[in-house]
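In the text below, chain A, chain B and the rest are named by the order of the sequence lines, each starting its count at 1. Note that this is a predicted model, so its numbers are computed, not measured.
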Number of protein chains: 2
Amino acid sequence: MFIHREFHSSQAGAAGHPRFFEGIRLSATARHREKELIYAQGDEAGDIYIVEFGCVRVSRITLEGRRLVTGFYFAGEVFGFETGTERQCYAEALEYSGTRTFHLEGRDLANPRIAEMLFDHLESIHQHLLILGTQNAIERVAAFLVGIADRRGVDGPRARLPMSRCDIADHLGLTLETVSRAMHRLQALKLIRLVGAREIVLLDRDALIDLGA
Amino acid sequence: MFIHREFHSSQAGAAGHPRFFEGIRLSATARHREKELIYAQGDEAGDIYIVEFGCVRVSRITLEGRRLVTGFYFAGEVFGFETGTERQCYAEALEYSGTRTFHLEGRDLANPRIAEMLFDHLESIHQHLLILGTQNAIERVAAFLVGIADRRGVDGPRARLPMSRCDIADHLGLTLETVSRAMHRLQALKLIRLVGAREIVLLDRDALIDLGA
DNA sequence: CGTTTTCTTGAGGACGTTCAACCTATGTGG
DNA sequence: CCACATAGGTTGAACGTCCTCAAGAAAACG
């Protein structure tokens with residue numbers, strides 16, 4: 001997704017306030033502290049969010065109280081698409097983050113950039129579905145780490161993980177213990193290197209993709 | 001989803017040929033034999049399908065050769081939404097079926113009925129994700145059976161299953177043996193009754209929902 | 001009626017979960 | 001500055017669920 005670049009190239013307004021993005025009026029940047037709730041389950045849907053900096057986690061709780069983390073969103077990425085009038089998911093800042101919003105009207109879907117965002121979102125859900133439906137633990141973790149590393153700009157093969165093991169587990173349909181073990185197994189296989197708990201280096205990206213693709 | 005009723009209420013053309021659906025020109029009904037391929041992975045995307053009768057299975061194969069059945073579609077339901085220009089999924093008739101198509105242009109998304117279809121699709125994927133991400137075997141099967149029964153019109157609690165155990169398994173991320181065992185466990189629990197292998201009666205819908213919701 | 005496909009059922013094993021202990025990092029207050 | 005508390009992460013052992021492999025039963029088909 002290349003919304004990233006285009007977003008940042010939007011013309012600068014005074015002191016970073018309401019600008020336009022592809023003909024859509026964006027709100028001013030909202031800043032969120034670590035762990036701050038951005039929107040809650042039950043809130044009115046309709047606003048779409050663009051991450052300016054930081055990282056956002058979007059989750060959903062089932063009736064049995066189990067959590068599914070539907071996605072993590074980094075700078076330049078878009079979240080907040082929901083189907084009904086009420087949000088089924090809730091969003092939280094994983095670290096100090098900035099977001100901008102715009103209101104999505106039905107007619108806006110005719111805007112090709114908006115449609116592209118929606119289709120990108122659809123595609124990422126589909127990818128997630130494929131992982132949950134067909135892969136085992138180590139494949140899931142490999143796919144996840146490659147996905148994260150690919151999205152963190154041009155840091156090279158190094159990536160910071162702003163989310164906890166539990167977040168990853170709830171994203172991949174595993175337990176946090178299994179995620180921890182899988183990461184250490186990937187390290188033993190020399191496919192990644194762990195730098196503390198919250199940073200990784202991809203040592204053999206191709207092998208990781210073979211595992212997780 | 002109520003597209004069903006509206007679709008059938010569209011004005012009758014001569015001998016059932018090109019009619020309109022919410023201002024969209026529909027193709028004539030295409031008829032597909034059992035097991036017939038409707039579209040293939042790699043085909044050009046852009047056409048959206050409406051099932052007129054029968055049942056369609058949409059699947060996707062991973063690089064490792066594993067199959068995920070992304071959905072089953074019955075009369076009145078819509079399938080064929082894809083993100084890129086090339087299809088990632090392929091669709092097959094599970095039984096003798098009829099479909100109509102229309103071509104989706106970007107501007108059509110401004111049509112609220114089209115947008116509604118897309119959002120319904122998004123919602124069903126999300127539901128699927130929730131199942132694969134949080135539920136165990138018996139819960140998945142319970143949720144699946146309720147979902148099927150709810151969509152098969154007003155047959156009451158009885159539903160025919162046009163798909164095989166293997167199809168169900170590949171839809172739920174299980175094996176066909178596990179699906180078979182789960183269904184017989186649900187029968188032992190008196191939540192369903194199996195009428196042969198391809199028909200079920202829901203005996204305790206609420207308990208099934210409790211399990212699978 | 002035999003052939004083929006699909007479904008069921010059993011036994012054994014692998015993978016992931018559960019439970020528990022321990023470790024590490026970070027932050028707080030004395 | 002250190003003692004302690006807290007949250008997150010790692011590791012081990014035991015268990016359970018689901019998968020694999022295999023055989024047999026039941027439908028579907030020609």
Side-chain angles (χ1 to χ4, degrees), chain A residues 33-35 55 57 64-69 92 94-96 131-145 160-189 192-200 211-212, chain B residues 33-35 57 64-69 92 94-96 131-142 144-145 160-189 192-200 211-212:
Chain A
R33 261 186 296 282
E34 189 181 332
K35 295 182 182 170
C55 182
R57 173 184 72 204
E64 297 92 351
R66 283 172 280 197
R67 182 180 69 152
L68 178 74
V69 172
E92 298 156 288
L94 275 180
E95 58 191 12
Y96 178 59
I131 289 172
L132 295 188
T134 68
Q135 304 198 146
N136 63 22
I138 200 162
E139 292 168 339
R140 292 181 197 204
V141 172
F144 173 76
L145 294 178
R160 227 171 39 75
L161 302 175
M163 69 292 288
S164 71
R165 297 288 184 269
C166 185
D167 291 335
I168 300 174
D170 286 350
H171 182 60
L172 298 178
L174 302 169
T175 61
L176 65 96
E177 293 94 332
T178 299
V179 170
S180 177
R181 280 186 253 264
M183 289 183 56
H184 285 265
R185 262 171 76 201
L186 289 174
Q187 178 165 243
L189 291 169
I192 66 170
R193 188 159 63 81
L194 290 162
V195 184
R198 294 296 189 103
E199 193 170 349
I200 55 157
L211 255 184
Chain B
R33 263 187 294 283
E34 187 180 333
K35 294 184 184 169
R57 174 184 74 205
E64 297 92 350
R66 283 172 279 195
R67 182 180 70 152
L68 179 74
V69 172
E92 299 156 288
L94 274 181
E95 58 191 13
Y96 178 60
I131 289 172
L132 295 188
T134 68
Q135 304 199 146
N136 64 22
I138 200 161
E139 292 167 338
R140 292 182 197 204
V141 172
F144 174 76
L145 294 177
R160 227 172 39 74
L161 302 174
M163 67 294 289
S164 71
R165 297 288 184 271
C166 185
D167 290 336
I168 300 174
D170 286 353
H171 182 61
L172 298 178
L174 302 169
T175 61
L176 65 96
E177 294 94 332
T178 300
V179 170
S180 177
R181 280 186 253 264
M183 289 182 58
H184 284 265
R185 262 172 76 200
L186 289 173
Q187 179 166 242
L189 291 169
I192 66 170
R193 188 159 63 82
L194 289 162
V195 184
R198 295 294 190 105
E199 194 171 349
I200 55 158
L211 254 183

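Rounded to an integer number of Å, the gap from A:R57 CZ to D:dG8 C1' is 13 Å. Computed from coordinates, the A:I168 CD1 to D:dT10 C1' distance equals 14 Å when rounded to whole Å. Rounded to an integer number of Å, the gap from B:M163 CE to C:dT5 P is 21 Å. One can place CD1 of B:I138 at 13 Å from C1' of D:dC18, the figure rounded to the nearest angstrom. If you measure from atom CG of B:N136 to atom P of D:dC19, you get 11 Å, rounded to the nearest angstrom. In this structure, NZ of A:K35 is placed 10 Å from P of C:dG27, rounded to the nearest angstrom. Taking atom CG of A:L176 as the reference point, atom P of D:dA7 lies 15 Å away to the nearest angstrom. Summarising the geometry, the separation between CG on A:L161 and P on C:dA25 is reported as 16 Å, rounded to the nearest angstrom.
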Inset, instruction - Applying side-chain contact (heavy atoms from CB on, under 4.5 Å), run through A:L186 and A:I200 and close with a yes or a no. - result: CA-CA 11 Å; A:L186 289 174; A:I200 55 157; over 6 Å; no
Legend entry - From CA spacing to verdict: side-chain contact (heavy atoms from CB on, under 4.5 Å), A:L161, A:L145: CA-CA 9 Å; A:L161 302 175; A:L145 294 178; 4.2 Å; yes
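Using a 4.0 Å cut-off, no side-chain N or O of A:S180 falls inside it from OP1 or OP2 of D:dG9. The side chain of B:S164 contributes no N or O atom lying less than 4.0 Å from OP1 or OP2 of C:dT6. For D:dC18, neither phosphate oxygen OP1 nor OP2 lies less than 4.0 angstrom from any side-chain nitrogen or oxygen of B:T178.
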Inset, instruction - Any chance you could list the contact pattern along nucleotides 22-30 of chain D? Use B for base contacts, S for sugar-phosphate-only contacts and - for none, protein heavy atoms under 4.0 Å, 5' to 3'. - result: B--------
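Annotation: proximity of residues 181-189 of chain A to DNA chain D (heavy atom, distance under 4.0 Å) is found for A:R181, A:H184, numbered in ascending order.
For the pair B:R198 (side chain) and B:P162 (backbone), a donor-acceptor distance under 3.5 Å is present. Between the side chain of B:R66 and the backbone N or O of A:G133 there is no donor-acceptor pair closer than 3.5 Å. Checked by atom type and distance alone, the side chain of A:R140 pairs as donor or acceptor with a backbone atom of A:Q135 at under 3.5 Å.
Around CZ of B:R67, the count of heavy atoms belonging to other residues, nucleotides or ligands within 6.0 Å exceeds 12.
Contact check for A:R181 versus A:E177: side-chain heavy atoms found under the 4.5 Å cut-off. You'll find the side chain of A:D167 reaches within 4.5 Å of the side chain of A:L94, heavy atoms only.
Backbone-only contact: B:L174 has heavy atoms under 4.0 Å from sugar-phosphate atoms and none from a base.
Nearest heavy atom pair, residue A:M183 against residue A:V141, reads CG-CG1, 3.7 Å.
Comparing B:T175 and A:R165 against DNA chain D, the residue whose closest nucleotide sits nearer the 5' end is A:R165.
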